[in-house]
Number of protein chains: 2
Amino acid sequence: MSSHSPKRPAASGSTGSSRAPIARRRATTSAVTLKDVAERAGVAPITVSRALNAPGSVSATLRASIDRAVAELGYVPNRFAGMLASAESRVIPVIVPSLSNAVFVEVIQGIQTVLEDAGYQLLLGNTMYDLARETELVSTLLGWSPAGIIVAGLRHAERTSALLRGCGRPLVEIMELGARPIDMNVGLSHLKAGMMMGRHLIERGYRRIGFVGGRLDADYRAMQRFRGLDRALADAGLRRRPPFTYDAPSSPEMGGRQLLLALQQAPDLDALFFANDDLAVGALLRAARDGIDVPGRIAIAGFNGLDIGALTSPSLTSIVSPRLDIGAIAAAKLLARITGAAPGPARVDVGCKLAIREST
Amino acid sequence: MSSHSPKRPAASGSTGSSRAPIARRRATTSAVTLKDVAERAGVAPITVSRALNAPGSVSATLRASIDRAVAELGYVPNRFAGMLASAESRVIPVIVPSLSNAVFVEVIQGIQTVLEDAGYQLLLGNTMYDLARETELVSTLLGWSPAGIIVAGLRHAERTSALLRGCGRPLVEIMELGARPIDMNVGLSHLKAGMMMGRHLIERGYRRIGFVGGRLDADYRAMQRFRGLDRALADAGLRRRPPFTYDAPSSPEMGGRQLLLALQQAPDLDALFFANDDLAVGALLRAARDGIDVPGRIAIAGFNGLDIGALTSPSLTSIVSPRLDIGAIAAAKLLARITGAAPGPARVDVGCKLAIREST
DNA sequence: CCCGATCATGGTAGCGCAACCATCAATCGT
DNA sequence: ACGATTGATGGTTGCGCTACCATGATCGGG
């Protein structure tokens, strides 16, 4: 089973002797090629190629016999050869900082839905919030001559930006919104989102508001949400405080732990804005278990609008971002550019919505 | 910005007239090639190739000057050319039925960690629990001449099995365990897992036990968990009942809804085994909100061992499967086979563990 | 000190496919 | 009815890289 042995005989006729150019046949993929199909159908290879790639340009008669030959031989086109020959790859790398966070998974789903229908293949890259790794990934993935690129975030290492800028391919930077994207940009302002939540909490009467988030140096968007809250506090003349932070990935368990830590460090807090719903849900569950009254003792808010936030008791106030849309729009804009259609504006603000629920 | 115009001039000298073989230059990827690096470094292209792929076989002197040339020119190898020439693809498709379920995301992470280190690229395919789509995906992905394939599940459409069997490439079927895998198999017995949970519930004194799961016709593994429970019930001489089922993807919200429906349809129930933790957690939250006593009025159990299950009140009894391990082991076995190392046994049972918590 | 072994490097020939032009037949306009 | 166009098909070349062999240099053993 699973032998990789070449099926073709080592040599077929001629030059059995004499000079250098030995009639060797390289070990090959033992697969049916375009030429085989062409011979079977009695046409030229290029005609088979056309029949498969632009069926309209081949007569119905030939197309039928070619289709039959394809089916009989079980021909599967070799993508590498096609892409090498046409310098057109139908491959689109998507670079995200994490898969642990459901948000990115949903974005990827949004992208894939669109790409798959258009016959493009998604190549997944996970930077794990490491800029050096991002550079390496971009560099590697460029070797695939991608038709376009989707990358999360606008902040890159110097060299990453250079690579992305220099490769001359359609690019969409997603998730956050910025003034000077390299090419296209689909996302939302996390600063505004943070302010939105800050204003909501203030309006609700909370005055001693804190922020919890991990790895804010690496997670620029979380940092922006904090800055938004901070600005809202400043605008309202309320006390601003540094974020409660720690060095670990987000998880519900961590959210619960950070809730307790924050309350211990700053017992005067009356509201906590968590960097994401994973943390916030964990905090809610911890509070429920420990008998901490939410929002009586402390209000809790999150970000992302994960479905589960609507089900907890109390349900979680959060900011809902259109994750699937970000992916779908980014993919659509990329395809538009690739196919030469009008891609629309270079920058799309997908916005976000405050979902006010019981936890505030 | 982002122009796709070829950078090379249309033609460079000579044959401006006369015969057919026009000195045209095809629109190309405008990229630095191996040959450019070779010229810069003053060596033959093949030497550059070796310096990059088998550094040990090139003298340190040359290697250094080649590395410098690579860096200066920003050379990125063209994967397609390499794979076409070597008929060795370094591409591994991973076919899963869903991304909404965190389990598959974790498996993918496990796979990617291993593959990336070995220089392989993961190609993601999502069947959405649709066998026809699976066939199509397999067929498409085979066009990438993959070095190996990882696919979730052992049940495929006839044609899918034929394709997988016929392609002669290392294959790992993951998630569930079966008697006759096509090639290799890494997973666990969902039947046993179901029985394990059934026995636990019975041992705990529950006697009127139901099962909740969606799309059991498509989700074979969930069905096996049901059968396991069913067998445990039969073994104990307890009443067996058909599963509570519905046609929608799993979500916490659906879990809550199904809890209420089940209790309404069968008020005598004293325990419910949910097909997965997403559902079960939703049921727990619903119960908490509606004042349904768990496990007093009804016990609730899940499957997967998602982290959040440990945090709810009551915490969720579940079956923990080693998701990351499944991915990592599958990838490792695949790589072993590809590189010719001993892959070990064709079938690996990763097992699972009952996590008894407060909800039962 | 010569001969074969070992090493580093280079030349050449494809890998399978699509771009480009040429060619030939069918169709159209007037 | 005839040339000009259009449409369908084929021949040739090359995409960028690596497999295969050849070559020359270096080395050690007898």
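Bear in mind that the values here come from a model prediction, so they are computed numbers and not experimental data. Each chain gets a letter, A, B and so on, in the order its sequence line appears, and its residues count up from 1. Scope of the values below: all heavy atoms of this structure, side chains included, with no hydrogens, waters or symmetry mates.
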Which nucleotide in the list C:dG10, C:dT9, D:dG16 gets nearest to the side chain of B:L62?
C:dT9
Touch check for B:A44, heavy atoms < 4.0 angstrom, all strands: base, sugar-phosphate only, or nothing?
sugar-phosphate
Among pairs that include at least one residue of residues 34-85 of chain B, which meet ring pair (Phe, Tyr, Trp, His ring centres under 6.0 Å), considering only residues two or more places apart or in two chains?
A:W144-B:F80
Between A:S49 and C:dA18, is there a contact of a side-chain N or O with OP1 or OP2 at under 4.0 Å?
yes
Rounded to whole angstroms, how far apart are CD on A:E39 and P on D:dG10?
13 Å
Spacing between B:R90 atom CZ and D:dT18 atom C1', to the nearest angstrom
13 Å
Looking at the side chain of B:A85, which of C:dA19, D:dC20, C:dC15 is the nearest nucleotide?
C:dC15
Pick base, sugar-phosphate or nothing for B:P45, based on heavy-atom distances below 4.0 Å to the nucleic acid.
nothing
Closest to the A:T33 side chain, choosing from D:dT18, C:dG16, D:dT9
C:dG16
Check this one for me: any side-chain N or O of A:N78 less than 4.0 Å away from OP1 or OP2 of C:dC15?
no
Residue pair A:L99 / A:L124, side-chain heavy-atom distance below 4.5 Å
yes
Would you find a donor on one side and an acceptor on the other, under 3.5 Å apart, between the side chain of A:R169 and the backbone of A:I149?
no
Starting at CG of A:L84 and ending at C1' of D:dG14, how long is that distance when rounded to a whole Å?
9 Å
Main chain of B:V58, side chain of B:R50: is a donor-acceptor contact present, judged purely on distance under 3.5 Å?
no
Could you please name the option among D:dA19, C:dC17, D:dC17 that lies closest to any side-chain atom of B:Y75?
D:dC17
Between C1' on C:dG16 and CH2 on B:W144, what's the gap in Å once rounded to a whole number?
15 Å
In whole angstrom, give the distance that lies between atom CZ of A:R79 and atom P of D:dC15.
22 Å
Using atom NZ of A:K35 as one end and atom P of D:dG10 as the other, report the distance to the nearest whole Å.
15 Å
Of the listed D:dC15, D:dC20, C:dG14, the closest approach to the B:R50 side chain comes from D:dC20
Distance below 4.0 Å between A:S57 side-chain N/O and D:dA8 OP1 or OP2
no
Test applied, side chain to side chain contact (heavy atoms under 4.5 Å, CB included); reference residue, A:L164; option that passes from A:T135, A:D183, A:V138:
A:V138
Base, sugar-phosphate alone, or nothing: which one does A:L34 contact when heavy atoms must sit under 4.0 Å apart?
sugar-phosphate
Calculate the interatomic distance between A:M83 atom CE and C:dC17 atom P; express it in whole Å.
12 Å
For D:dT9 and A:S59 - does any side-chain N or O of the residue sit under 4.0 Å from the phosphate oxygens OP1/OP2?
yes
B:F80 CZ to C:dG14 P, straight-line distance once rounded to whole Å
24 Å
